[in-house]
Amino acid sequence: QLLLDNLIADFRVDEAETALARFSRFDDSCRSLWYKAQICLLKGENSAAENCLTEMLERFSDDWLAWAYCGDLRARRADYNAAVECYQRSTELQPFPKYIDNYLCIANISVIQKRYQTAAEYYAKTVELLKTDWNTTEGSAVEQYKALAEKYRNT
């Protein structure tokens, strides 16, 4: 996975395709389609990338990670409303303990869209999730998200 991540980040498309062919022989999860979609985007094949996402969500409709990956790609393409829907579905499907990433993505998108009350709500949800799922009630992360919730609540 790390090799694919780095090849894609470096726009090394041919090598990424070769690595993906090897990776896909050993991994039949949503990750193969996720990487394929990213490679398609690098090649400028937007409709092929969307087809990969569609197939990924059809084959792995109950997989929270597939929905999170889809949200990431949609956010990267500035399709923010669709990204938020994907992140929300990912959160619904995610088992206990849930990660905070989906809430933070929604909060960040809300700031981009100047929907500050929604951003405040999702920063507050992040703090609550840290408490309920991770038993974390103090520390720099908690304080940071509390401060952001307060900042956007008052914006």
Side-chain angles (χ1 to χ4, degrees), residues 1-12 16 19-20 23-24 26-42 49-50 52-155:
Q1 270 181 273
L2 292 175
L3 174 62
L4 276 165
D5 290 334
N6 288 325
L7 291 171
I8 290 168
D10 290 342
F11 299 92
R12 295 164 62 182
L20 178 59
F23 177 83
S24 296
F26 302 101
D27 187 311
D28 190 34
S29 71
C30 64
R31 288 176 183 88
S32 292
L33 287 164
W34 162 242
Y35 284 120
K36 185 176 178 182
Q38 291 182 81
I39 291 168
C40 288
L41 284 179
L42 288 178
E50 192 58 39
C52 290
L53 292 181
T54 300
E55 180 183 348
M56 182 175 68
L57 293 180
E58 286 173 358
R59 286 184 52 204
F60 303 98
S61 62
D62 292 333
D63 185 339
W64 68 269
L65 187 57
W67 287 94
Y69 281 155
C70 189
D72 290 348
L73 192 70
R74 295 217 161 105
R76 187 180 304 162
R77 296 175 68 198
D79 188 359
Y80 295 128
N81 293 334
V84 167
E85 289 176 17
C86 289
Y87 291 132
Q88 288 170 332
R89 182 69 179 136
S90 176
T91 301
E92 291 168 9
L93 292 170
Q94 199 172 55
F96 178 88
K98 295 179 187 293
Y99 298 114
I100 62 173
D101 302 57
N102 291 324
Y103 285 166
L104 293 177
C105 289
I106 294 171
N108 290 331
I109 288 170
S110 298
V111 170
I112 291 168
Q113 294 180 315
K114 296 182 173 35
R115 296 173 45 231
Y116 300 121
Q117 295 307 309
T118 303
E121 173 189 341
Y122 276 91
Y123 283 121
K125 285 183 174 193
T126 301
V127 171
E128 185 62 24
L129 186 66
L130 286 170
K131 178 182 176 184
T132 59
D133 287 31
W134 297 98
N135 199 29
T136 302
T137 58
E138 57 188 358
S140 61
V142 172
E143 296 308 316
Q144 175 187 2
Y145 301 135
K146 282 182 180 179
L148 286 167
E150 187 64 25
K151 172 185 174 181
Y152 289 113
R153 197 174 293 119
N154 295 322
T155 299

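The list of salt bridge (Lys or Arg N to Asp or Glu O under 4.0 Å) pairs with a residue in residues 118-127, not counting sequence neighbours, reads E121-K125. For residues 93-104, every residue pair satisfying the side chain to side chain donor-acceptor pair (under 3.5 Å) rule, not counting sequence neighbours, is listed here: S90-N102, T91-N102. Screening residues 82-97 for salt bridge (Lys or Arg N to Asp or Glu O under 4.0 Å), with sequence neighbours left out, gives R89-E92.
For the 3.5 Å distance criterion, the side chains of N154 and Y116 fail to qualify, holding no donor opposite an acceptor. No side-chain donor from either of S110 and T118 sits under 3.5 Å from a side-chain acceptor of the other.
With sequence neighbours excluded, the residues forming a side chain to side chain donor-acceptor pair (under 3.5 Å) with D72 are Y87, listed by chain and number. Residues forming a side chain to side chain contact (heavy atoms under 4.5 Å, CB included) with A147 (at least two apart in sequence, or on another chain): none. Scored by the side chain to side chain donor-acceptor pair (under 3.5 Å) test, Y69 finds no partners at all (sequence neighbours excluded). Here R77 pairs with L41, N46, E50, L73 under the side chain to side chain contact (heavy atoms under 4.5 Å, CB included) rule; sequence neighbours left out. With sequence neighbours excluded, the residues that form a side chain to side chain contact (heavy atoms under 4.5 Å, CB included) with Q113 are Y80, N81, I109, R115. Applying the salt bridge (charged side-chain N to carboxylate O under 4.0 Å, His left out) rule to D62 yields no partners; only residues at least two apart in sequence or on another chain are considered. Evaluation of the side chain to side chain contact (heavy atoms under 4.5 Å, CB included) rule for T132 yields E128, L129 as partners, not counting sequence neighbours. Partners of D79 under the side chain to side chain donor-acceptor pair (under 3.5 Å) rule, at least two apart in sequence or in another chain, do not exist in this structure.
Among all heavy-atom pairs drawn from C86 and R74, the shortest one is SG-NH1, 3.6 Å.
Counting heavy-atom neighbours within 6.0 Å of D10 CG, excluding the residue itself, gives a total above 12.
In this structure, the side chain of N108 engages the main chain of L104 through a donor-acceptor pair within 3.5 Å.
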Pairs under 3.5 angstrom only: tabulate donor-acceptor contacts from the side chains of residues 136-143 to other protein residues two or more places apart or in another chain.
from, atom 1, to, atom 2, distance (Å)
T136, OG1, W134, O, 3.1

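Using a cut-off of 4.0 Å between Lys/Arg side-chain N and Asp/Glu carboxylate O, R31 and D63 are scored as not salt-bridged.
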